[in-house]
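For clarity, every value in this text was computed on a predicted model and none was experimentally measured.
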Amino acid sequence: MRVPISWLREFVDFKWGGRELGSRLTMSGFELEALETAAPPFTGVVVAEIVEAVRHPQADKLQVCKVRSSGGGELLQIVCGAANARVGLKTALATVGAILPGDKAITAAKLRGVESFGMLCSAKELGVADTSEGILELPGDAPVGTDLRAYLQLDDEILEINVTPNRGDAMSVLGIAREVAALTEGGLTAKAVSPVSSPVTLNDTFPTTLSLPAACPKLVSRVVRGIDNKRQSPAWLRERLRRVGLRPISPVVDITQYVMLELGQPMHAYDLAKLHGKLEARLAKPGEKATLLDGKEIALAEDVLVIADASGPVGMAGVMGGLASSCTADTSDILFEAAFFTPAAVAGRGRRYSLVTDAGQRFERGVDPAHQERAVERATQLLLEIAGGKAGPSHVVQDSDALPKRLEVALRRERIKRLLGTTIDDNVVKVTLQSLGLRVLADAEGWLVTPPSHRFDIQIEADLIEELARVVGFESIVEADAATRQKVRALGEAVPVETQTLEILATRGYQEAITYAFVDPVLQGKLFPGVDTPRLAHALSSEMSVMRASLWPGLIKAAQENQRRQQDRIRLFEHGARFESGGVETDLLSGIATGARRPEQWGTKPTPVDFFDVKQDLEALFSRTGASEEFGYVTDTLPCLHPGRSARITRRGRNIGWIGELHPQLVQEFDFTYAPILFEIEYSAALAAEMPRFAEISRFPRVRRDLAVVVDENVSLRQLHERVTFAASSLLRDIRVFDVFRGPGIENGRKSVALGLIFQDNSRTLADEDADRLLAAIRADLSATLGAGFRE
C-alpha cells in the first residue's frame with residue numbers, strides 16, 4: 001500500500017522523515033518495501049503564466065508564447081507545440097539551464113527561425129504522469145515564479161508498505177496514522193478523530209433491506225441529487241490519487257476511491273435513475289448473471305453475496321459494482337452506499353472469477369463495522385464541494401445483533417513476562433494499549449482490555465502481548481539466557497546435506513536455477529503426455545496454469561533463454577518438488593546440460609556433452625553416499641527422451657530417477673543447437689548416505705588378470721559386474737573396463753568388453769594358481785548365465 005507522507009501528516013504529527021518513519025514502521029510490523037518521491041529529480045522549473053500566444057510564422061502546429069515567469073514585467077519568448085497553450089493559462093516552465101528527468105538539459109534554441117528561451121512542460125515530461133495531452137495546467141491561483149517542486153510538493157515522500165493479512169484496519173491512511181500515533185505517543189489530529197457532517201437539504205432516501213444479516217448486517221446509503229459529474233476533480237485530489245497509483249476518472253469515482261484510501265471503507269456510487277424498487281443484500285439466485293464494471297458477464301454461484309434491486313444483481317458485494325447501474329458523465333443523481341460485509345461472506349468470491357480488487361482485499365481482511373456513516377459523510381462533503389448538488393439524510397439499515405462484538409481480553413503480568421522474557425512497567429502497558437485505541441481496566445492479575453471495533457486481529461491474550469512487544473520495541477526487550485540449556489541434536493549421517501550436494505554439482509560446472517512450480521500445460525503435455533497434475537483455479541496466466549510433474553519444464557525453458565542469449569555451454573540444476581494429483585509432493589534434484597563438454601580452449605576440439613558425461617556427474621553425487629555399488633542404470637525410456645540414449649536409475653533395485661537425452665523431435669521443436677542431457681532423481685532416496693564401516697586394508701599385494709568377454713549387445717555392464725562379483729566371491733577388489741570393441745572377428749549383434757580384474761586377500765599373498773582358479777570360475781559362470789565367449 002502506498003502512503004504519501006503529506007497525506008499522513010493531516011492525521012498525525014511526527015517529526016521523522018520518510019526513511020526513519022519507514023524503519024520504525026518496519027520494526028512495528030509494517031515492512032517498508034519502497035520509498036520514493038512524488039516526482040523524479042528535476043531543477044529549474046517554475047510556475048509561469050502565458051500572457052500572449054500567436055501562431056508561429058513558419059509552422060501551423062507551433063505557437064509563439066510570451067510567458068511571465070516572475071513577479072516583474074519581463075516576458076520570456078517560448079515556442080510551444082501544445083494544443084492547450086492559451087492566454088491566461090498557468091503552467092510549468094523549464095527555464096534555460098533547467099535539468100529535467102532523464103538528465104535532459106534545457107537550452108536556448110531556435111525553432112523554425114524563432115528563438116525560444118525555455119520549454120513549457122507536460123506532466124509526462126516532468127515525470128508526474130505516464131501519459132499527458134498538452135502542457136501541464138495549474139490552478140488559476142498558482143503563484144507565478146514559485147518553484148514548481150515546492151508548489152506541487154513533489155518532494156513529498158511516498159511510503160510503500162506491506163500490510164500483513166491480519167491487519168485490514170491498517171489498509172488506509174487513517175489506519176497507518178493510528179500506528180504512527182502509537183509510536184509517537186502523541187495521538188491523532190482533530191481531522192482524524194472528528195468526522196465531518198454534510199448539510200441535509202433533501203428528504204429523499206432510497207429503500208434498502210438486509211435479507212442476509214449474517215453476511216451483511218449493516219448498509220448505509222445517501223441520495224445526492226443535481227451533481228455535475230462532467231467536471232474535473234480538483235488538482236489536489238487527482239494528484240493524491242496519482243501518488244497512490246490510481247487514475248482519476250470522474251468526481252464520483254475519484255471520491256469513492258479517495259474515501260476508501262483515506263478511511264479504509266470501500267464505497268460504491270449508483271446512478272439513481274438506473275435503480276429500480278429497493279436495494280438489498282442477498283445471495284445470488286440460481287442462474288443469475290451479472291455484468292460488472294470491467295464489462296465481463298459472470299454466472300453467479302449461489303453462495304455469492306450480491307447487491308440487487310428489483311431487476312436483479314447490480315454488483316458483487318464487496319468486490320465490484322455492476323455496469324448497468326454505473327455512473328457516467330451524464331449522471332446527475334446518485335446513491336452512495338457503504339456496507340459492512342463479514343470477511344467470510346466475501347473471502348475467495350472475487351478470486352473465483354479472477355477478480356482481485358482493492359475493495360475485496362479490505363472486506364476479506366475486515367473493515368470497521370462502525371465506520372460506514374463517517375465514510376458516507378466524508379464522500380458527501382467532497383462531492384458537494386467538487387460537483388455541487390443537494391444531499392438527503394444518511395439512511396442506516398442494520399441488524400445490531402449480527403454486528404461483530406469486541407469482547408474483553410484478560411492480560412496478566414505473569415503471562416507478559418513468560419512470553420517476552422522480561423517485565424514491562426504497569427504504566428507503560430496501560431499507556432501503550434491506550435495509544436492503540438484499546439480500552440484498559442486494571443484488575444488484580446493485570447488488566448481487562450477491550451479492542452476497538454476496527455481491530456479484528458485481537459482476540460486472545462497473546463495478541464495483546466504481541467502489541468506490547470512491537471510498539472514498545474523488540475529492541476527494548478533485554479537479552480537473557482534461556483531458562484534451560486538448549487541441546488542441538490546432531491544431524492544424522494545418513495541425511496543428505498543440501499549444501500554439500502549442491503556444491504558437488506557447482507564444482508562440476510553447474511549453476512543452480514529456481515523456477516516456478518506452476519508451468520505451461522502445453523509444454524508439460526509434450527514432455528509427459530497423459531500425466532495429470534493439479535490445475536490452478538486462478539492462474540497468473542495460461543502459461544502458468546498447472547503444477548509441475550517434473551522440474552524439467554522449468555529447466556528446459558531456462559536453458560532456452562540462456563541459449564537465446566548466446567550462452568554456448570549450459571549446465572543448470574534445481575532442487576525442488578514435483579506435484580501429483582491427490583496432493584502428493586516428491587522432493588527432486590534435476591539437471592540439464594547442453595553445449596560443449598568443456599569450456600572452449602586451444603588444447604582440445606569442442607565436442608557436445610553426451611549421456612556419459614552427465615552420468616559421470618551423477619556418479620560423483622552417488623559416491624558421496626559411500627555406496628556407489630548400490631546404483632544401477634536400466635535401459636528404458638520416457639516419451640520425452642531419446643529411445644536409445646536414456647535409462648532408469650535404480651538403487652538397490654528401486655527406481656529413483658531418470659537420465660537421458662531429450663527426444664530428437666523435441667530438440668528440433670525447442671530449437672536447441674545441441675541435444676540437452678537431462679537427469680532427475682528423488683533427493684532423499686538417491687542421496688541418503690550409508691554409515692561408514694571399518695574395513696581392514698590388506699598388507700598383501702594385488703593380482704590382476706585381464707579378460708575379454710564377448711556378449712550380446714543387450715547385456716549391460718551392470719549384468720557383467722554382478723556375475724563377475726558373484727563368481728569371484730570376496731577376493732575380487734575391483735573391476736575396470738578398459739575397452740569395448742565391435743568389428744572384425746566379432747559377430748553381428750555382439751560386443752567384446754575387456755575387463756581388468758583385481759584380486760587380493762587380507763591374510764596371505766595370492767599365488768598365480770589362486771588367480772587362475774578364480775578366473776576359470778568367472779569364465780564358467782559368464783558362459784552359463786550370459787552365453788559369453790572369450791577372446792584370447
Side-chain angles (χ1 to χ4, degrees), residues 166-169 171-172 174-175 195 197 205-223 260 263-268 277-285 300-310 313-319 335-350 359-378 392-410 436-441 448-461 463-464:
N166 66 321
R167 293 300 306 273
D169 65 289
M171 294 190 71
S172 64
L174 175 59
S197 59
T205 60
F206 193 84
T208 55
T209 60
L210 304 175
S211 301
L212 193 65
C216 176
K218 184 177 181 181
L219 196 152
V220 179
S221 62
R222 169 174 270 175
V223 172
M260 178 185 68
L263 302 179
Q265 171 64 49
M267 294 184 63
H268 190 66
K278 66 178 181 179
L279 209 63
E280 67 173 327
R282 61 169 174 81
L283 291 178
K285 298 176 181 178
L300 296 164
E302 294 179 35
D303 65 339
V304 172
L305 189 67
V306 299
I307 301 296
D309 66 0
V314 294
M316 185 187 296
V319 179
L335 179 71
F336 275 134
E337 170 251 295
F340 173 75
F341 303 115
T342 60
V346 179
R349 305 307 193 275
Q361 288 183 324
R362 285 164 173 79
F363 280 121
E364 286 182 347
R365 301 178 185 202
V367 301
D368 189 345
H371 220 47
Q372 288 69 43
E373 294 91 340
R374 179 177 181 179
V376 169
E377 291 290 350
R378 177 62 166 149
S394 285
H395 181 48
V396 181
V397 180
Q398 68 178 21
D399 185 331
S400 299
D401 293 334
L403 286 169
K405 308 294 190 300
R406 298 288 175 259
L407 303 178
E408 272 188 344
V409 180
L436 290 166
L438 283 68
R439 185 168 63 88
V440 183
L441 298 175
L448 296 175
V449 183
T450 306
S453 58
H454 58 268
R455 290 302 298 270
F456 281 72
D457 61 310
I458 298 178
Q459 298 179 0
I460 60 176
E461 187 176 26
D463 296 331
L464 293 171

ask   = Under the 3.5 angstrom rule, does the side chain of Lys405 hit a backbone N or O of Leu403 as a donor-acceptor pair?
value = yes
key: Beyond-backbone contact of Val319 with Val304, side-chain heavy atoms, under 4.5 angstrom   = no
Residue pair Ser221 / Thr205, side-chain heavy-atom distance below 4.5 Å = no
request  = Could you tell me whether a side-chain N or O of Glu373 sits under 3.5 Å from a main-chain N or O of His395, the two making a donor and an acceptor?
outcome  = no
inquiry  = With rounding to the nearest 0.5 angstrom, report the CD1 to CG distance, Ile458 to Leu407.
reply    = 12.5 Å
inquiry  = Using side-chain heavy atoms (C-beta onward) and a distance below 4.5 Å, is Arg167 in contact with Asp169?
reply    = yes
task = Could you walk me through whether Gln372 and Val367 pass side-chain contact (heavy atoms from CB on, under 4.5 Å), step by step?
result = CA-CA 9 Å; Gln372 288 69 43; Val367 301; 4.2 Å; yes
message = Any heavy-atom pair between the side chains of Glu377 and Ser394 that's under 4.5 Å?
response = yes
query = What is the minimum heavy-atom distance between Phe340 and Pro404, and which atoms define it?
reply = CE2-CD, 3.6 Å
ask   = Where is the tightest heavy-atom contact between Glu461 and Val409, given as atom of each residue plus distance?
value = N-CG1, 3.6 Å
note = Residue set satisfying side-chain hydrogen bond (donor to acceptor under 3.5 Å, both in side chains) with Glu364, at least two apart, ordered chain then number -> Arg351
inquiry  = If you define the side chain from C-beta out and look only at heavy atoms, does anything of Met171 sit under 4.5 Å from Met260?
reply    = no
query = Taking the side chain as C-beta and beyond, is there a heavy-atom pair between Asp368 and Leu263 under 4.5 Å?
reply = no
ask   = Any side-chain heavy-atom pair from Pro313 and Arg282 closer than 4.5 angstrom?
value = yes
query = His371 and Leu174: side-chain contact (heavy atoms from CB on, under 4.5 Å), yes or no, with the steps?
reply = CA-CA 12 Å; His371 220 47; Leu174 175 59; 3.7 Å; yes
message = Walk me through whether Gln265 and Val220 qualify under side-chain contact (heavy atoms from CB on, under 4.5 Å).
response = CA-CA 12 Å; Gln265 171 64 49; Val220 179; over 6 Å; no
remark   = Taking every heavy atom of Leu219 against every heavy atom of Glu337, the minimum-distance pair comes out as CD2-CG, 4.0 Å
message = I want to check a possible cation-pi pair here: Arg406 against Phe456, using under 6.0 Å from ring centre and within 45° of the ring axis as the test.
response = yes
request  = First locate atom CG of Leu300, then atom NZ of Lys285, and finally report the distance between them rounded to the nearest 0.5 Å.
outcome  = 12.5 Å
inquiry  = Quick check: closest heavy atoms across Ala284 and Ala301, and the distance to 0.1 Å?
reply    = CB-O, 3.4 Å
query = Between Leu438 and Leu464, does a side-chain contact (heavy atoms from CB on, under 4.5 Å) hold up when you go through it step by step?
reply = CA-CA 10 Å; Leu438 283 68; Leu464 293 171; 3.5 Å; yes
task = Evaluate the side-chain proximity of Phe341 to Ile307: yes if any heavy-atom separation is below 4.5 Å, no if none is.
result = yes
query = Of all residues at least two apart in sequence or in a different chain, which pass the side-chain hydrogen bond (donor to acceptor under 3.5 Å, both in side chains) check with Ser211?
reply = Glu280
task = Work out which heavy atom in Ala214 is nearest to a heavy atom in Thr342; give both atom names and the distance.
result = O-CG2, 3.3 Å
request  = For Leu279 and Asp309, work out which heavy atoms get closest and say how close.
outcome  = CD1-CB, 4.4 Å
inquiry  = Going by side-chain hydrogen bond (donor to acceptor under 3.5 Å, both in side chains), name the residues that satisfy it together with Arg455, two or more places apart in sequence or in a different chain.
reply    = Asp457, Glu467
task = Using atom types as modelled and distance alone, determine if a side-chain donor or acceptor of Arg349 lies under 3.5 Å from a backbone N or O of Ala347.
result = yes
